[in-house]
Amino acid sequence: MVRLSMLALVARGYGPPEEYEIAEVPVPEPGPGQIRVRVAAMSVNPADVRLPAGDFRGTVELPFPHIPGNDFAGTVDALGPGVGRWAPGEEIFGFATPRALRHMGSSSLSTGALAQYAVFEAETPFLAHRPAGLDVAQAAALPTVGLTARALLASAGLTPGERVLVVGATGGVGTTVLPLLAAAGAHVVATARDGDAGIVRSLGAAEVIAYDDYPAGVDLALNLVVPGDRLAPIAAAVRPGGRLLTITFPPPPAFDGVDVRLVLDMQARHGGMAEVAADAVAGRLRARIDREYAFADAASALAHFARWHKTGKLVVRVPSLT
């Protein structure tokens with residue numbers, strides 16, 4: 001059956017997520033080296049709201065209409081010329097950035113996962129087979145946070161017993177990395193609201209503190225939420241010779257006596273989606289899902305992400321064409 005149109009969440013121009021709409025758009029066709037995926041679920045990331053909001057217009061001009069969505073799980077539907085890695089019907093999950101960001105050097109680009117179908121580059125370490133032990137919602141929630149958590153641990157140089165400050169512990173990356181830190185023997189000090197203290201403790205935090213109430217003399221700080229040009233109070237909490245790892249832009253400045261690094265692994269140096277899948281099936285890696293949404297409520301999911309407090313990931317279920 002030839003599919004001519006599908007449903008997608010569409011931004012018609014720069015603006016807030018409340019202005020996005022479910023619309024009928026053409027089904028994308030895979031070109032050479034590309035695959036088309038029937039999307040089953042996706043999870044929300046900052047770029048899904050920040051790009052259409054115009055936050056990066058000085059760097060990239062976004063073409064419209066724009067379909068957001070980086071993280072996804074689904075089924076391979078069609079192959080473009082020259083693709084030998086995948087087969088129609090294969091279960092798949094992973095991460096891909098919008099094609100408008102190709103200048104950043106990512107090998108994983110897509111037409112946008114908040115749609116019934118999306119096209120992806122076939123040969124990239126950021127796509128992998130979804131094993132039977134990884135359900136669709138977890139597979140959709142895990143790609144970005146799983147990759148980031150693994151890269152943070154690989155970059156941290158942790159020694160058991162070290163005190164680690166986690167700023168932004170209740171977000172998608174924070175709730176994923178806390179168990180990894182605890183398993184590595186770290187004494188984790190996590191920022192959280194009072195109502196979330198039980199959650200972050202259950203995930204591995206030994207201490208829970210208020211936002212901006214940073215302790216002194218930690219060995220390592222992980223910044224998961226504060227903009228990179230506002231890290232001075234976090235750096236002040238790190239002991240001389242300690243480390244500060246951050247995942248936010250802009251790139252951080254230097255601080256005397258502190259090893260400061262931006263952890264952004266766009267080349268899968270610390271492993272790709274196959275390694276995320278293996279860790280997930282082995283029970284070492286799991287995303288916390290705060291809430292799931294029906295596709296009809298996709299714009300509300302992005303507005304929730306942008307405006308409201310959450311603990312973990314937001315997942316949108318995508319219906320198949322009938």
Side-chain angles (χ1 to χ4, degrees), residues 17 42-51 53 55 68-71 95 137-153 155-156 164-182 186 188-214 218 220-231 233-234 237 244-250 252 262-265 276 280 285-293 300-316:
M42 63 79 64
S43 69
V44 184
N45 287 302
D48 298 334
V49 293
R50 296 193 65 189
L51 277 172
D55 290 1
N70 297 338
D71 288 2
F95 159 87
Q138 187 64 206
L142 200 50
T144 293
V145 297
L147 290 167
T148 305
R150 294 184 85 259
L152 286 168
L153 261 290
S155 304
V164 179
L165 170 64
V166 180
V167 180
T170 58
V173 175
T175 53
T176 305
V177 79
L178 285 178
L180 302 184
L181 294 168
V188 180
V189 182
T191 63
R193 298 182 179 186
D194 288 343
D196 297 329
I199 293 172
V200 295
R201 287 188 185 277
S202 72
L203 293 171
E207 300 178 45
V208 181
I209 61 173
Y211 295 103
D212 299 328
D213 187 21
Y214 305 137
V218 301
L220 168 68
L222 303 184
N223 170 55
L224 311 179
V225 65
V226 177
D229 54 359
R230 303 178 191 174
L231 300 183
I234 301 174
L244 168 55
L245 305 183
T246 181
I247 65 172
T248 63
F249 283 97
L262 174 65
V263 176
L264 181 64
D265 188 8
V276 169
L285 195 62
R286 185 170 181 81
R288 185 179 193 279
I289 298 175
D290 180 280
R291 184 173 172 184
E292 294 189 25
Y293 292 80
S300 296
L302 271 65
H304 180 175
F305 184 90
R307 316 272 181 238
W308 308 336
H309 178 70
K310 59 199 173 302
T311 54
K313 295 286 290 182
L314 305 181
V315 170
V316 178

Pairs involving residues 188-201, ordered by first then second residue, that meet side-chain hydrogen bond (donor to acceptor under 3.5 Å, both in side chains) (sequence neighbours left out) | Asp196-His309
Of all heavy-atom pairs between Leu153 and Val177, which one has the smallest distance, and what is that distance?
-> CD2-CG2, 3.5 Å
With sequence neighbours excluded, what pairs up with Leu231 under the side-chain contact (heavy atoms from CB on, under 4.5 Å) test?
-> Asn223, Val226, Ile234, Leu244, Thr246, Pro252, Phe255
What is the distance from atom CG of Asn45 to atom OG1 of Thr144, rounded to the nearest 0.5 Å?
-> 4.0 Å
Check whether any side-chain N or O of Arg150 sits under 3.5 Å from a backbone N or O of Val276 as a donor-acceptor pair, and report yes or no.
-> no
With sequence neighbours left out, what residues match Arg230 under salt bridge (Lys or Arg N to Asp or Glu O under 4.0 Å)?
-> none
For Ala140, the side-chain contact (heavy atoms from CB on, under 4.5 Å) test, sequence neighbours excluded, returns Ala41, Ala73
Is a side-chain donor or acceptor of Lys313 paired with a backbone partner of Val44 at a separation under 3.5 angstrom?
-> yes
Smallest separation among heavy atoms of Thr248 and Pro227, with atom names | OG1-C, 3.7 Å
Under the salt bridge (Lys or Arg N to Asp or Glu O under 4.0 Å) test, residues paired with Asp55 that sit two or more places apart | Arg50
Counting N and O atoms only, with roles assigned by atom type, does the side chain of Asn70 sit under 3.5 Å from a partner on the main chain of Phe95, one being a donor and the other an acceptor?
-> no
Kindly write out the residues that satisfy side chain to side chain donor-acceptor pair (under 3.5 Å) with Thr148, not counting sequence neighbours, or none if the list is empty.
-> none
side-chain contact (heavy atoms from CB on, under 4.5 Å) against Arg286, all qualifying residues, sequence neighbours excluded | Gln138
Between Asp290 (side chain) and Leu314 (backbone), is there a donor-acceptor pair under 3.5 Å?
-> no
Atom pairs and distances, side-chain donor-acceptor, residues 205-214, under 3.5 Å, sequence neighbours left out:
| unit_1 | atom_1 | unit_2 | atom_2 | d |
| --- | --- | --- | --- | --- |
| Glu207 | OE2 | His187 | NE2 | 2.6 |

